[in-house]
There are 2 protein chains.
Amino acid sequence: MPPLRESTDKLLSPKQVAKAIGASESSLKRWCDQGLIKTVKTAGGHRRIPVHEALRFVREQNHAVVEPHILSMTATTDRKARRIEGVAERLTEALLSNNELTCRAIVFDMFLAGESVSRIFDDVVAAAFRAIGDKWEFHEAEVYQERCSCQIMLRLLHELRSHQVPPNPSCVALGATIEGDQYVLPGTMAEIVLRSVDWDARLLGTSIPFDSMVKAVETHSPELFWLSVSFIEDEAAFIAGFHRLSAAASKTKTAIVVGGRALTSEIRTRLSYSAFCDTMRHLEEFGKTMRRQTDIASQKSRKTRKNA
Amino acid sequence: MPPLRESTDKLLSPKQVAKAIGASESSLKRWCDQGLIKTVKTAGGHRRIPVHEALRFVREQNHAVVEPHILSMTATTDRKARRIEGVAERLTEALLSNNELTCRAIVFDMFLAGESVSRIFDDVVAAAFRAIGDKWEFHEAEVYQERCSCQIMLRLLHELRSHQVPPNPSCVALGATIEGDQYVLPGTMAEIVLRSVDWDARLLGTSIPFDSMVKAVETHSPELFWLSVSFIEDEAAFIAGFHRLSAAASKTKTAIVVGGRALTSEIRTRLSYSAFCDTMRHLEEFGKTMRRQTDIASQKSRKTRKNA
DNA sequence: CCATTAACTCGTTCAAATCGTTCTTACGGC
DNA sequence: GCCGTAAGAACGATTTGAACGAGTTAATGG
């Protein structure tokens, strides 16, 4: 539990407060100069607004708060938020206490700070859910808390996704989880990571039978198909199904990418795929490289077509 | 570096809203002053309108929307598109062909036209998914298409949810699906419906063991707990678990609401609950009535406290 | 610890937007 | 016709927000 002290004397810049309450920086500065908001000044003459002052102003003026997390977080929006240390722990805490605003603040602060989604997912989101899983094992967290955390995170992921630039429709990637695997978060994160490197990635959904994946591959001929494997019910069936998928993919020249904690190295030796990704960063790298190659290939084929 | 779009409840000026709905700025100002549109004011006295307020006004007054993008909505301005007839079929088609934009337009058209979310869900979304289920039975649709449709719809639901007016945190409702039931859409729709009638409704998640629901009820003491039952693995276990949940709920004075296609009347006779909802419209009605009673009760208790 | 550098903030100016108000126009009922 | 009501245009006074060069802060890398 982070100490509550200094939550009230935390200082914000006019720009931050402006963003928090949905006004322009100019107006904020004017209101400060008019005395509507009391400010502290730095040695160099910059205005600094204590959080409690900002909150008082909001209450007195009945002003709206557009980005509440800026005013409610104790230590964030500094460049420090960029530092990974402690962020995963804070996210864990926020998820377990059902504090969606704080979760949002943590994820979006990193995103806005220019952190790649793959890093956010690997170092913060995945770490937080590992921690929640551990707590559950030691009976320090309830199943419903874990599920509820997934709900919160899924909403955040969808919001993040909606902020991404619309993908280039020329490069289609499809993804799925296998039958019996209900973990939607890893697949969704993979989708977002691939979209961040300009793939038109679409997660088909969770718990999809291999034969239906085969149909999807045959119908859409994606350049890439990713399989997120968090849980394997029947190992033999998995391997057999995977081979059928592999066969279909080789016909459509679809690259198969696999990942997920259920894929032990023992199992992996019995599969054949284009790439195995331990982390979202790996997936991002692979996605990038493959896009480059695909671009070159499509340029060539365009040239060929032009020549013909 | 990353392109950030507008925040969730952005503030709009009267002029922007006027443009969005094709009215004059003067009229907008009058409507604000009459209280038809709630506004917040800047320190300098300028009116600012939250997006969700603008949406609420449009929906309640059944006002036309000329430029939906200002309200961060994609919609056709075609008023004919709002008729229910044929909409479910169009949605089915759009879902199966993976046309997310069309799906979005269909849903948001109805939403902007003032259709209640419960009607949209009952008559269009549920109908579309029934149709998809039928097609699957007759081998006219693949499993992956159904799953992919769920993904699309879930994204739309989350977006819809983000445009609702922020809920009154005083009235908490929790919801879940039982262990083995992976259908997230009905539960999410229930959440949105309850939020539309001012409940602070939160879906804990899918596939939650009864004992964890009991923990959630004991921890949060919600006024209402809803159970969406699309699939029952083990009938005896279900009934036993439900009784445990019932017992916990009666201790915290939590009303239990059940719904879902797996609850045959035969099973229902063996359960005891506050309400069974066949449709989202039923749930909305029940939610409304119960809120009224809760409000009265809390007023009374406030009075009592005052007298004491 | 200090220098470097990128990002942020300062104070100012100015155009555009908004305020409250008044006036004109349009529409429907009696 | 005439009244009441609602919509929209017009207007001077005020507020807001974007832009700018100069100066400050703080993250980074010795």
Side-chain angles (χ1 to χ4, degrees), chain A residues 6 9-51 53-54 57-58 60-67 70 75-87 109-116 119, chain B residues 1-4 6-7 10-51 53-54 57-58 60-67 70:
Chain A
E6 83 164 311
D9 28 21
K10 169 131 215 297
L11 296 178
L12 299 168
S13 72
K15 192 178 195 176
Q16 288 175 301
V17 177
K19 192 185 251 181
I21 69 179
S24 72
E25 194 187 331
S26 295
S27 297
L28 240 292
K29 290 193 289 188
R30 201 176 330 102
W31 295 336
C32 289
D33 294 346
Q34 288 173 2
L36 294 172
I37 305 176
K38 273 183 218 145
T39 60
V40 185
K41 294 254 179 145
T42 66
H46 284 196
R47 303 175 188 84
R48 287 298 122 95
I49 303 161
V51 172
E53 251 305 294
F57 174 75
V58 167
E60 272 185 18
Q61 302 284 330
N62 228 357
H63 206 292
V65 181
V66 177
E67 301 274 354
I70 296 178
T76 181
T77 21
D78 283 342
R79 291 241 146 41
K80 271 187 198 155
R82 232 186 256 194
R83 308 196 154 274
I84 303 291
E85 40 184 90
V87 178
D109 277 349
M110 292 188 70
F111 183 66
L112 290 176
E115 207 59 80
S116 70
R119 268 186 78 92
Chain B
M1 192 63 170
L4 175 68
E6 71 284 348
S7 93
K10 207 178 134 188
L11 298 177
L12 300 170
S13 70
K15 192 179 196 175
Q16 287 175 293
V17 177
K19 195 175 183 189
I21 70 180
S24 73
E25 197 187 323
S26 295
S27 297
L28 242 292
K29 290 195 287 189
R30 199 171 337 100
W31 294 334
C32 288
D33 294 345
Q34 287 173 358
L36 293 173
I37 305 177
K38 273 185 216 142
T39 61
V40 291
K41 296 260 183 127
T42 65
H46 285 198
R47 301 175 187 86
R48 288 295 124 96
I49 302 162
V51 171
E53 255 302 299
F57 175 76
V58 166
E60 273 184 16
Q61 304 285 323
N62 206 12
H63 207 293
V65 178
V66 181
E67 302 203 27
I70 296 178

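Nothing here was measured: the structure is a model prediction, and the numbers come from that model. Per chain, numbering begins at 1; letters A, B, ... match sequence-line order.
Nearest to the side chain of B/Arg47, among D/dT25, D/dT16, C/dC19, sits C/dC19. Here the nucleotide nearest the side chain of A/His46, chosen from D/dT25, C/dC19, D/dG17, is D/dT25. The nucleotide whose nearest atom lies closest to any side-chain atom of A/Arg48 is, among D/dG17, D/dA10, C/dT9, C/dT9. Relative to the side chain of B/Arg30, the nucleotides D/dT16, D/dT24, D/dA7 differ in distance, and D/dA7 lies closest. Checked against D/dT16, D/dA10, D/dG17, the side chain of A/Ser26 finds its nearest nucleotide in D/dG17.
If you measure from atom NZ of B/Lys41 to atom C1' of D/dT14, you get 14 Å, rounded to the nearest angstrom. One interatomic measurement links the two molecules: NZ of B/Lys19 to C1' of D/dG8, which rounds to 18 Å at whole-angstrom precision. Summarising the geometry, the separation between CG on A/Asp33 and P on C/dC10 is reported as 9 Å, rounded to the nearest angstrom. Distance CD (B/Glu25) to C1' (D/dT16): 14 Å, rounded to an integer number of Å. What separates CD of A/Gln16 from C1' of C/dA7 is a distance of 13 Å, to the nearest Å. Rounding to whole angstrom units, NZ of residue A/Lys29 and C1' of C/dT12 are separated by 9 Å. We find that CG of B/Leu28 is positioned 14 Å from C1' of C/dC19, with the value rounded to whole Å. Taking atom CG on B/Leu12 and atom C1' on D/dG17, their separation rounds to 16 Å, with Å as the unit.
Annotation: the span from B/Gln16 atom CD to B/Leu28 atom CG amounts to 10.5 Å, rounded to 0.5 Å. Rounded to the nearest 0.5 Å, atoms NZ (B/Lys10) and CZ (B/Arg48) are 11.5 Å apart. We find the CZ-OG distance between B/Arg30 and B/Ser24 to be 6.5 Å, quoted to the nearest 0.5 Å.
Dashed line: the shortest gap from a side-chain N or O of A/Trp31 to OP1 or OP2 of D/dT16 is under 4.0 Å. At the phosphate of D/dT16, OP1 or OP2 sits under 4.0 Å from a side-chain N or O atom of B/Thr42. OP1 or OP2 of C/dT9 lies within a sub-4.0 Å distance of a side-chain N or O belonging to A/Ser13.
In terms of position on DNA chain D, the residue among B/Gly22 and A/Ser24 whose nearest nucleotide sits closer to the 5' end is B/Gly22. Residue whose closest nucleotide on DNA chain D sits further toward the 5' end, between A/Gly44 and B/Gly45: B/Gly45.
Backbone-only engagement by A/Lys15 is indicated by non-hydrogen atom pairs under 4.0 Å involving sugar-phosphate atoms exclusively.
With hydrogens and angles ignored, the 3.5 Å screen pairs no side-chain donor or acceptor of A/Glu53 with any backbone N or O of A/Pro50.
Between B/His63 and B/Phe57, the ring-plane angle classifies as tilted under the 30° and 60° cut-offs.
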